Amino acid sequence: MISQAGADFFFFQNRRYPREAALEWVGNRYQLTHMERMLLHRGIFSQEKGLRRRAKCCKGAGWQSQLLAVDGHNVQITLESAILGRPLLMSNDGALRDLAGQSARFRFSEVSEMAVDTLFRFLEEFRPHRVLFLFDAPMSHSGRLADIYRRRLKSLRIPGEARAVPVPEREFPYEGAVVATSDSAVINEVSHWLDLARGAIEWSGILELAADFSSLILANPTEQYSLTDQSLF
């Protein structure tokens with residue numbers, strides 16, 4: 001059911017139907033739950049957007065020789081979701097995303113420490129040239145997280161820094177660096193991006209997916225739908 005609903009939603013995105021209206025129509029047609037609708041919303045984009053984002057995603061070890069600018073809370077929360085067994089999905093634009101919606105409710109916990117350990121074990125194994133972690137200052141414990149990350153960088157002798165800033169999106173070096181994030185708005189703006197959370201989760205062997213839409217990208221976006229366009233909305 002989710003597969004067919006995803007194919008329908010993908011079709012509508014390729015035909016440039018309003019995203020929210022298309023999601024409501026598909027959700028109602030297949031009687032999807034709120035979580036199932038969120039899977040489609042966070043996991044499926046038009047072929048054009050998906051391919052454009054995929055083309056900018058770093059593959060292999062090239063990112064290790066460049067400045068790595070990390071969307072701190074984005075990566076941290078995704079790692080925590082994986083550890084806690086929250087739903088994760090592979091989007092058709094190549095990014096691993098969660099459905100936690102924890103940004104506003106983020107609190108540092110024992111799981112947070114486990115997530116930090118998971119990330120830095122990965123960075124110790126695949127050492128980057130230099131790292132810049134940027135955390136969202138208005139969020140709780142952002143200063144504490146930045147301090148923990150600074151100390152971990154120092155202990156591993158990885159060049160870099162960690163800061164809590166008012167709006168990380170305004171301070172990412174969009175040119176001349178690789179930005180680690182799964183935020184679609186940020187990915188749209190950067191020259192190169194890395195799914196750092198996915199790399200750390202896969203390397204740790206804790207990746208379990210609630211849905212995988214990664215193959216939903218090469219379908220012909222102009223194929224005819226079974227219903228006439230006039231009957232959709």
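None of these values were measured; they are calculated from a predicted model.
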- request: Could you give me the CA-CA distance, side-chain angles and deciding distance for Leu23 and His41, then say whether side chain to side chain contact (heavy atoms under 4.5 Å, CB included) is met?
  value: CA-CA 7 Å; Leu23 182 62; His41 179 65; 3.8 Å; yes
- Message: Between Val75 and Val179, is there shared hydrophobic-cluster membership here, with clusters defined by ILVMFWY side-chain heavy atoms closer than 4.5 Å?
- Response: no
- Is there a path from Leu153 to Leu67 through hydrophobic residues (I, L, V, M, F, W, Y) whose side chains come within less than 4.5 Å of each other? no
*Does some side-chain heavy atom of Asn92 sit less than 4.5 Å from a side-chain heavy atom of Phe45?*
yes
**side chain to side chain contact (heavy atoms under 4.5 Å, CB included) evaluation trace for Arg144 with Ser142** = CA-CA 5 Å; Arg144 181 180 180 184; Ser142 57; over 6 Å; no
Is any NZ, NE, NH1 or NH2 atom of the basic residue among Arg152 and Asp117 found under 4.0 Å from an Asp or Glu carboxylate oxygen of the other?
-> yes
Practice problem: Find out whether Arg130 and Glu161 are in side-chain contact, i.e. whether some heavy atom of one side chain is under 4.5 Å from a heavy atom of the other. | Solution: yes
Notebook entry, point to check: Between Phe172 and Thr181, is any pair of side-chain heavy atoms under 4.5 Å apart?
Noted result: no
| query | Are the charged groups of Arg150 and Asp147 less than 4.0 angstrom apart, N to O? | reply | yes
Trace of the side chain to side chain contact (heavy atoms under 4.5 Å, CB included) decision for Leu32 with Leu40: CA-CA 10 Å; Leu32 301 183; Leu40 302 188; 3.7 Å; yes
Between the OG atom in Ser155 and the CZ atom in Phe120, the distance rounded to the nearest 0.5 Å is 7.5 Å
Among side-chain atoms of Asp212 and Ser214, is any donor-acceptor pair under 3.5 angstrom? yes
| request: Would you mind reporting whether Leu119 and Leu79 have side-chain heavy atoms less than 4.5 Å apart? | output: yes
Residues, nucleotides or ligands: over 12 heavy atoms within 6.0 Å of His192 NE2: no
- request: Look at the side chain of His73 and the backbone N and O of Asp136, then say whether any donor-acceptor pair between them is shorter than 3.5 Å.
  value: yes
Rounded to the nearest 0.5 Å, the SG atom of Cys58 sits from the CD atom of Gln64 at a distance of 10.5 Å
When every non-hydrogen atom of Ala82 is compared with those of Ile206, the smallest separation belongs to CB-CD1, 4.1 Å
Are side-chain heavy atoms of Tyr174 and Ser191 found at a separation under 4.5 Å?
no
When rounded to the nearest 0.5 Å, the distance separating CD of Glu80 from CD1 of Ile83 is 7.0 Å
When rounded to the nearest 0.5 Å, the distance separating OG1 of Thr78 from CG of Leu196 is 10.0 Å
Rounding to 0.5 Å, atoms CG (Leu218) and OG (Ser215) come to a distance of 8.5 Å
Check: Side chains of Leu99 and Met35: closer than 4.5 Å at any heavy-atom pair?
Finding: yes
Group every Ile, Leu, Val, Met, Phe, Trp and Tyr by side-chain heavy-atom contacts under 4.5 Å, then state whether Val131 and Val165 land in the same group.
no
Of Arg53, Arg15, Arg16, Arg54, the one forming a salt bridge (charged side-chain N to carboxylate O under 4.0 Å, His left out) with Glu48 is Arg16
Given the options Phe12, Tyr17, Phe9, Trp25 meets ring pair (Phe, Tyr, Trp, His ring centres under 6.0 Å) only with Phe12
Under a single-linkage definition using a 4.5 Å side-chain heavy-atom cutoff for Ile, Leu, Val, Met, Phe, Trp and Tyr, are Met90 and Trp193 assigned to the same hydrophobic cluster? no
For Ile187 and Ala95 the tightest heavy-atom approach is CD1-CB, 4.5 Å
Result for side chain to side chain contact (heavy atoms under 4.5 Å, CB included) between Leu156 and one of Glu124, Arg121, Arg151 points to Glu124
Any donor-acceptor pair under 3.5 Å from Asp195 side chain to Leu96 backbone = yes
Determine, using ring centers only, whether Phe10 and Phe213 are less than 6.0 Å apart.
-> no
Margin query: Between Ser91 and Asp93 (side chain of the first, backbone of the second, donor and acceptor by atom type, cut-off under 3.5 Å), is there such a pair?
Written below: no
Please check if any side-chain donor atom of Arg97 sits under 3.5 Å from a side-chain acceptor atom of Ser182, or the reverse.
no
Q. Is it true that Glu171 and Arg163 have a side-chain N and a carboxylate O under 4.0 angstrom from each other?
A. yes
Notebook entry, point to check: With under 30° as parallel and over 60° as perpendicular, where do the rings of Phe122 and Phe126 fit, or are they tilted in between?
Noted result: tilted
Taking every heavy atom of Ala164 against every heavy atom of Ala146, the minimum-distance pair comes out as N-CB, 4.1 Å
Any salt bridge between Asp8 and Arg29, counting N to O under 4.0 Å? yes
| message | Measuring only between side-chain heavy atoms, which start at C-beta, is Arg19 closer than 4.5 Å to Gln13? | response | yes
*Ser46 side chain to Lys49 backbone, donor-acceptor under 3.5 Å*: yes
On a heavy-atom basis, the closest approach of Ala200 and Ser204 is O-OG, 2.9 Å
* Using a 4.5 Å cut-off on heavy atoms from C-beta on, say whether the side chain of Glu36 contacts that of Tyr30. => no
Practice item. Taking atom CD of Glu125 as the centre, report whether more than 12 heavy atoms of other residues, nucleotides or ligands fall under 6.0 Å from it. Key: yes
*asked:* Could you go through Leu134 and Val70, starting from their C-alpha distance and side-chain angles, then the distance that decides it, and tell me whether this counts as side chain to side chain contact (heavy atoms under 4.5 Å, CB included)?
replied: CA-CA 6 Å; Leu134 295 177; Val70 182; over 6 Å; no
Nearest heavy-atom approach of Asn188 to Lys56 is O-NZ, 3.1 Å
Practice item. Say whether, by atom type as modelled, one donor and one acceptor occur between the side chain of Ser65 and the main chain of Gly62 under 3.5 angstrom. Key: yes
Here the gap from Ile201 atom CD1 to Asp98 atom CG, rounded to the nearest 0.5 Å, amounts to 8.5 Å
Quiz item: Any side-chain donor-acceptor pair under 3.5 Å between Gln76 and Tyr149?
Solution: yes
Heavy-atom nearest pair, Trp63 first then Pro128, reads CZ3-CB, 3.8 Å
Side-chain heavy atoms under 4.5 angstrom apart, residues restricted to Ile, Leu, Val, Met, Phe, Trp, Tyr: same cluster for Leu39 and Val26?
yes
